Amino acid sequence: MAMLHNTRELSVTDAARRGIAGLVADAEAGADLVVTRHHRPVAAVVGMERLAELDRAESDLRDLALVLARAATDSGNRTSLDDVLGAFGHTRQSLAELDDPE
């Protein structure tokens with residue numbers, strides 16, 4: 001389950017004053033920093049744990065989208081392995097012979 005995160009917004013000027021060491025220390029402490037230019041978000045500084053959490057969430061969402069797309073478009077028709085192999089000019093035996101190191 002995702003945790004709520006402490007998100008702070010600061011301007012590019014404030015971020016420059018804070019310095020890299022200060023921004024990194026905040027991110028290590030769990031703060032998500034959003035850097036703005038002219039009141040528009042342009043960058044973020046997050047700790048490695050938060051980045052890993054975001055990567056996991058992205059992967060989970062990608063998998064969920066694939067499952068939902070497949071469920072929505074599944075016609076119920078299935079093609080046998082033998083039919084697929086035949087379409088490519090193979091049989092189960094011809095594939096087995098390819099693996100034979102003789």
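Atoms considered below: every heavy atom in the structure, side chains included; atoms not considered: hydrogens, waters and symmetry mates. Sequence positions, counted from 1, serve as the residue numbers for this chain. Remember, predicted model here, so these are calculated numbers, not experimental data.
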From CA spacing to verdict: side-chain contact (heavy atoms from CB on, under 4.5 Å), Leu33, Arg18 | CA-CA 12 Å; Leu33 306 172; Arg18 183 88 173 98; over 6 Å; no

Evaluate the side-chain contact (heavy atoms from CB on, under 4.5 Å) criterion for residues Leu85 and Leu95: first the C-alpha distance (whole Å), next the side-chain angles of each, then the deciding distance (0.1 Å), finally the verdict.
-> CA-CA 9 Å; Leu85 290 174; Leu95 287 182; 3.2 Å; yes

Any residue meeting side chain to side chain donor-acceptor pair (under 3.5 Å) with Arg78, in chain and number order, not counting sequence neighbours = Asp74

State, yes or no, whether a side-chain contact exists between Leu61 and Glu58 at a heavy-atom distance under 4.5 Å.
-> no

Rounding to 0.5 Å, atoms CG (Leu23) and CZ (Arg17) come to a distance of 12.5 Å

State whether Arg8 and Asp32 are salt-bridged, where the test is any N-O pair (Lys NZ or Arg NE/NH1/NH2 against Asp/Glu carboxylate O) under 4.0 Å.
-> no

Which atom of Val34 lies closest to which atom of Pro41, heavy atoms considered = CG1-CB, 3.7 Å

When rounded to the nearest 0.5 angstrom, what distance separates CG in Asp14 from OG1 in Thr36?
-> 8.0 Å

Checking Thr73 side chain against Ala69 main chain: does a donor-acceptor pair fall under 3.5 Å?
-> yes

What's the spacing between Leu98 CG and Gln93 CD if we round to 0.5 Å?
-> 11.0 Å

Quick one: list whatever passes side chain to side chain donor-acceptor pair (under 3.5 Å) with Arg40, sequence neighbours left out.
-> none

Is there a side-chain contact (heavy atoms from CB on, under 4.5 Å) between Leu64 and Leu68 once you walk through the steps?
-> CA-CA 6 Å; Leu64 179 59; Leu68 291 173; 4.0 Å; yes

Arg92 and Leu81: side-chain contact (heavy atoms from CB on, under 4.5 Å), yes or no, with the steps?
-> CA-CA 9 Å; Arg92 291 175 190 247; Leu81 176 60; 3.8 Å; yes

Closest approach of Ala27 to Val46 (non-hydrogen atoms, all atoms of both residues) = CB-C, 3.7 Å

Going from CZ on Arg50 to OG1 on Thr7, what distance comes out if it is rounded to the nearest 0.5 angstrom?
-> 7.0 Å

Salt bridge or not for Glu53 and Arg56, using N-O below 4.0 Å?
-> no

